[in-house]
Amino acid sequence: MKFQHILLVCLSFFTLISCEKEIDIEVDDTTPKIVIEAMMSDRQGDAVVLLSLSRNLNDGSEPAKVSDAEVSIKAIDNDEVFILNQIEEGVYQNVSLVGEPGKTYRLEVQLSDGSTYSSLQTMPRKVELTDVTYRERDVAFQDEEDDPVFEFQPIFLDPAGEDNYYQFIVKRNGVKGKDIFIKEDQGFDGLENSQKFSIEANYADVINIDMHNINESAYEYLLGVKLNLSQSTATPTNPTSNITGDALGYFKVFSAGNALEFSLE
């Protein structure tokens with residue numbers, strides 16, 4: 001097998017800003033619930049909140065977006081409040097809000113009917129993504145029309161003596177897939193990462209891998225979504241939210257651990 005190393009590519013933050021949904025929630029509840037997908041980081045442009053209503057299982061329609069809400073994020077250490085303005089239906093953003101690892105932030109959402117939701121989260125320390133290796137995998141019984149499968153190993157040094165959680169946002173030719181790539185440091189605490197993930201791709205495809213240092217509550221929520229996606233026949237369970245007020249979704253406060261972009265060769 002041929003292994004490739006990728007050198008770090010410095011990207012403008014403008015290439016990283018995205019208001020697309022990270023997750024798509026279908027629930028086992030006949031009553032639509034508010035879905036809050038909120039995130040912020042120590043990188044400019046990442047403070048975005050998406051508001052929508054949940055869909056029932058097997059409902060193929062687009063989720064209804066929720067507008068005219070009041071959305072803010074408060075820095076607990078100095079009581080500074082950042083207003084997230086609605087930039088399109090169901091999308092709220094503050095491009096100037098840049099967090100700091102180790103600091104705590106409170107999300108506040110008030111809908112037009114007066115219902116309120118909140119979440120208090122601390123930004124994890126920053127761990128830097130320094131490199132990526134990849135190789136094409138041999139896949140048994142692969143159809144000729146299927147794309148090859150590539151295995152990727154992010155290279156970073158996990159801090160010792162603490163629980164750490166990571167998410168990797170992967171785009172192929174600018175398109176983010178539905179797979180959720182998350183890792184906890186069980187088994188490599190204090191060591192260089194040895195865990196891998198795989199996607200279908202072709203040679204000459206452009207791959208972008210954006211590493212997020214997330215906290216435990218975000219990891220547990222994404223793990224619940226990931227398990228639902230893997231159970232094609234079972235009735236999904238609602239992932240555990242870190243937002244109060246009987247909302248679905250989560251508030252992901254992460255430190256950005258670099259983004260790498262490269263072509264498969």
Side-chain angles (χ1 to χ4, degrees), residues 1-24 37 39 41 43 46 126-158 164-214 218-219 221-232 252 254-265:
M1 290 293 179
K2 180 175 70 172
F3 288 81
Q4 294 283 355
H5 275 268
I6 304 303
L7 296 178
L8 179 64
V9 177
C10 295
L11 300 178
S12 162
F13 81 88
F14 292 105
T15 68
L16 304 175
I17 295 174
S18 175
C19 293
E20 66 185 15
K21 290 181 68 63
E22 280 196 311
I23 51 179
D24 194 12
E37 188 180 355
M39 65 190 70
S41 78
R43 184 171 62 192
D46 281 337
K126 180 189 288 289
V127 178
E128 299 280 355
L129 176 66
T130 58
D131 197 3
V132 175
T133 63
Y134 69 86
R135 68 181 179 96
E136 183 180 354
R137 285 178 47 191
D138 290 327
V139 179
F141 309 111
Q142 186 175 24
D143 294 334
E144 290 184 0
E145 63 271 16
D146 291 341
D147 289 337
V149 175
F150 285 82
E151 181 178 77
F152 298 87
Q153 180 178 341
I155 304 300
F156 60 91
L157 182 62
D158 179 77
N164 295 284
Y165 305 89
Y166 307 98
Q167 182 183 13
F168 301 92
I169 308 298
V170 181
K171 292 184 179 181
R172 174 188 176 189
N173 298 324
V175 178
K176 179 182 173 296
K178 291 186 177 181
D179 290 331
I180 295 175
F181 301 108
I182 51 176
K183 306 289 182 185
E184 58 177 325
D185 66 353
Q186 185 176 359
F188 66 97
D189 179 49
L191 303 173
E192 186 174 89
N193 172 58
S194 60
Q195 300 186 19
K196 307 175 180 69
F197 59 83
S198 299
I199 65 168
E200 291 186 353
N202 284 306
Y203 286 103
D205 281 350
V206 175
I207 304 298
N208 184 290
I209 298 178
D210 189 8
M211 176 172 157
H212 296 178
N213 301 281
I214 61 178
Y219 174 83
Y221 184 82
L222 290 167
L223 180 61
V225 176
K226 184 179 178 73
L227 291 174
N228 280 346
L229 291 174
S230 67
Q231 297 174 355
S232 58
K252 187 175 83 171
F254 68 96
S255 57
N258 289 334
L260 302 179
E261 187 169 285
F262 52 91
S263 296
L264 298 179
E265 298 178 350

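FYI, side chains are in, hydrogens and waters are out, and symmetry mates aren't considered; it's all heavy atoms of this structure.
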Indicate the atoms forming the closest heavy-atom contact of [X] with [Y], along with that distance.
{"X": "Gly190", "Y": "Leu157", "value": "O-CD1, 3.9 Å"}
{"X": "Gln195", "Y": "Gln186", "value": "NE2-O, 3.7 Å"}
{"X": "Asn208", "Y": "Asp210", "value": "OD1-N, 4.0 Å"}
{"X": "Glu265", "Y": "Tyr134", "value": "N-OH, 2.8 Å"}
{"X": "Ala201", "Y": "Asp147", "value": "O-CB, 3.9 Å"}
{"X": "Ala256", "Y": "Asn213", "value": "C-ND2, 4.2 Å"}

request  = Can you sort out the partners of Glu192 under side chain to side chain donor-acceptor pair (under 3.5 Å), two or more places apart, ordered by chain and number?
outcome  =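 None.
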
key: Any residue meeting side-chain contact (heavy atoms from CB on, under 4.5 Å) with Leu191, in chain and number order, not counting sequence neighbours   = Phe188

request  = Could you pull out all residues at least two apart from Asp179 that satisfy side-chain contact (heavy atoms from CB on, under 4.5 Å)?
outcome  =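 In terms of side-chain contact (heavy atoms from CB on, under 4.5 Å), with neighbours along the sequence ignored, Asp179 is linked to Phe181.
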
State the [atom1]-[atom2] distance between [X] and [Y], to the nearest 0.5 angstrom.
{"X": "Lys171", "Y": "Ile209", "atom1": "NZ", "atom2": "CD1", "result": "13.0 Å"}
{"X": "Ser263", "Y": "Asn202", "atom1": "OG", "atom2": "CG", "result": "12.5 Å"}
{"X": "Leu222", "Y": "Ile182", "atom1": "CG", "atom2": "CD1", "result": "5.5 Å"}

task = Using the side-chain contact (heavy atoms from CB on, under 4.5 Å) rule, pick out the option among Lys126, His212, Met211, Arg43 that qualifies with Ser255.
result =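 For Ser255, the side-chain contact (heavy atoms from CB on, under 4.5 Å) test succeeds with only one of Lys126, His212, Met211, Arg43, which is Lys126.
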
inquiry  = Which residue in the set Leu260, Asn258, Asn193, Thr133 passes side-chain contact (heavy atoms from CB on, under 4.5 Å) when paired with Pro154?
reply    = Asn193

query = Is there side-chain contact between Tyr165 and Leu223, with heavy atoms separated by less than 4.5 Å?
reply =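 Heavy-atom side-chain distance check fails, nothing below 4.5 Å.
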
key: Aromatic plane relationship, Phe156 with Phe168 - under 30° parallel, 30 to 60° tilted, over 60° perpendicular   = tilted

query = Is it true that a side-chain atom of Asp205 and a backbone atom of Arg172 form a donor plus acceptor pair closer than 3.5 Å?
reply = no

message = Test side-chain contact (heavy atoms from CB on, under 4.5 Å) on Tyr166 and Ile214; report intermediate values, then the result.
response = CA-CA 6 Å; Tyr166 307 98; Ile214 61 178; 5.8 Å; no

request  = Kindly determine whether Ile207 and Phe152 satisfy side-chain contact (heavy atoms from CB on, under 4.5 Å), including the steps that lead there.
outcome  = CA-CA 10 Å; Ile207 304 298; Phe152 298 87; 4.3 Å; yes

ask   = Checking side-chain hydrogen bond (donor to acceptor under 3.5 Å, both in side chains) against Ser198, which of Glu136, Arg135, Arg137 comes through?
value = Arg137

query = When the aromatic ring centroids of Phe254 and Tyr219 are compared, is their separation below 6.0 Å?
reply = no

